[in-house]
Amino acid sequence: MEKYKILVAHERPVIARAIARVLAAQGLVAEVARDGDAVWRALESDSWDGLLLDVALPGPPVHQIVALAKTGVPLALRAVILLASVFRRSSYKRRPQQLYGADSYVEGHQLGAELSTKLWRLLSPDPAGPGDMVEAEALLVELQAEAEAAAAAEVAEAATAATGATVQRPRDPAAELADLLVADLLLHAGEKLSDADADAADPPRASDIAVVHEVLADELAQARELHSAALGPATADADPIAAALDRFLRPSADERGGAWT
């Protein structure tokens with residue numbers, strides 16, 4: 001079964017990456033675009049099922065991008081959702097006066113609570129489908145897949161050891177779990193992120209990242225408890241939750257949105 005493809009565009013890259021991570025855990029293919037021009041190129045160059053578009057994104061006006069997504073491409077996107085921009089103190093808060101032909105709208109502080117449900121209701125005709133899957137269930141499915149992939153890699157590695165061939169092993173399930181827990185907390189704690197102004201500089205400075213860790217200390221502690229309950233305590237010199245937050249704030253080059261940066 002082909003997966004739905006979703007284009008995610010938010011003025012704060014860390015929020016866009018968090019959205020994409022949560023959607024990926026729900027079985028969607030999610031890619032990130034950094035600005036309105038990148039969104040425009042992506043819509044013209046590829047086929048998409050959904051677009052999540054920050055109304056304050058720099059580049060072409062919102063109404064032009066929505067029109068392209070709905071009437072200017074061979075196959076109209078079935079889900080176009082506008083997102084409020086409320087995360088950066090240096091930007092004024094923007095809310096659309098109208099939907100401009102988009103299908104729905106989510107306030108910034110409701111991203112964690114409403115976005116997935118609204119998106120799935122537009123994508124799937126089955127109201128009891130994955131849109132109602134809670135993050136914990138999605139996570140369980142993903143961790144099972146990771147464990148199976150790890151076992152398969154061990155078998156393949158043993159079988160090819162004599163030839164000197166190497167097998168690329170899947171990412172550590174502990175890191176995968178940490179990434180998803182941190183992505184979820186970022187979407188639920190967006191208002192607090194405005195106090196940190198985390199990625200006003202891109203890439204963010206070390207001092208900016210330290211402030212984010214401080215501002216989100218309570219949420220990070222809760223994520224550590226969930227992580228430990230699922231996979232056991234981390235080693236004394238490891239903090240998978242802190243490492244996951246750092247990956248969202250300062251990702252590697254291949255995690256910054258692929259072709260749509």
Side-chain angles (χ1 to χ4, degrees), residues 8 12-28 30 32 87 109-117 130-155 157 167-196 198-199 204 206-252 254-256:
V8 183
R12 293 202 73 165
V14 64
I15 297 300
R17 290 190 288 267
I19 292 173
R21 184 64 186 83
V22 169
L23 296 183
Q26 296 179 352
L28 301 173
V32 173
F87 291 103
H109 65 282
Q110 293 293 334
L111 282 176
E114 295 184 356
L115 181 58
S116 291
T117 298
D132 294 323
M133 181 189 296
V134 298
E135 283 82 357
E137 292 172 337
L139 174 60
L140 208 50
V141 171
E142 184 168 343
L143 285 178
Q144 285 180 325
E146 286 287 330
E148 292 171 0
E154 288 181 1
V155 172
E157 188 173 19
V167 176
Q168 185 175 1
R169 300 178 63 84
R171 287 187 61 186
D172 182 356
E176 294 288 345
L177 173 56
D179 280 351
L180 187 54
L181 289 172
V182 171
D184 186 63
L185 79 83
L186 286 170
L187 298 190
H188 283 86
E191 292 285 340
K192 294 183 72 172
L193 270 180
S194 65
D195 294 330
D199 51 357
S207 58
D208 297 329
I209 293 176
V211 170
V212 176
H213 279 266
E214 181 179 354
V215 168
L216 298 180
D218 291 343
E219 288 79 6
L220 293 171
Q222 293 175 6
R224 290 186 184 97
E225 291 180 3
L226 293 171
H227 193 278
S228 178
L231 298 181
T235 60
D237 59 345
D239 186 347
I241 297 300
L245 179 56
D246 288 343
R247 282 193 293 273
F248 278 105
L249 294 172
R250 188 158 50 192
S252 60
D254 60 351
E255 294 176 311
R256 292 181 188 143

With rounding to the nearest 0.5 Å, note down the distance linking [atom1] in [X] to [atom2] in [Y].
{"X": "Asp208", "Y": "Leu249", "atom1": "CG", "atom2": "CG", "value": "9.0 Å"}
{"X": "Leu186", "Y": "Leu245", "atom1": "CG", "atom2": "CG", "value": "6.0 Å"}
{"X": "His213", "Y": "Glu219", "atom1": "NE2", "atom2": "CD", "value": "13.0 Å"}
{"X": "Glu225", "Y": "Ile241", "atom1": "CD", "atom2": "CD1", "value": "11.0 Å"}
{"X": "Asp179", "Y": "Arg17", "atom1": "CG", "atom2": "CZ", "value": "11.5 Å"}
{"X": "Leu231", "Y": "Leu226", "atom1": "CG", "atom2": "CG", "value": "11.0 Å"}

> Under 3.5 Å, is there a donor-acceptor pair between the side chain of Lys192 and the main chain of Leu216?
Replying inline: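 Not at all, since once roles are kept as given, no pair shorter than 3.5 Å links the two residues.
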>> Checking the side chain of His227 only, and the main-chain atoms of Leu177 only, is there a donor and an acceptor separated by less than 3.5 Å?
In response: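 Flag not set: sc His227 to bb Leu177 has no pair under 3.5 Å.
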> Residues two or more places apart in sequence or in another chain: which of them pass side-chain hydrogen bond (donor to acceptor under 3.5 Å, both in side chains) with Asp218?
Replying inline: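 Asp218 satisfies side-chain hydrogen bond (donor to acceptor under 3.5 Å, both in side chains) with no other residue.
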Heavy-atom pair of closest approach, residues [X] and [Y]:
{"X": "Gln26", "Y": "Ser116", "answer": "NE2-OG, 3.3 Å"}
{"X": "Ala242", "Y": "Arg224", "answer": "CB-NH2, 4.0 Å"}
{"X": "Ala178", "Y": "Pro240", "answer": "CB-O, 3.4 Å"}
{"X": "Ala16", "Y": "Val8", "answer": "O-CG1, 3.8 Å"}

>> Can you list everything that forms a side-chain contact (heavy atoms from CB on, under 4.5 Å) with Ala183? Sequence neighbours excluded, please.
In response: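 Testing Ala183 for side-chain contact (heavy atoms from CB on, under 4.5 Å), a comparison that skips the adjacent residues, returns Ala18, Arg21, Val22, Phe248.
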> For Glu114, what residues pass the salt bridge (Lys or Arg N to Asp or Glu O under 4.0 Å) criterion, not counting sequence neighbours?
Replying inline: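 Scan of Glu114 (salt bridge (Lys or Arg N to Asp or Glu O under 4.0 Å), adjacent residues dropped) gives Lys118.
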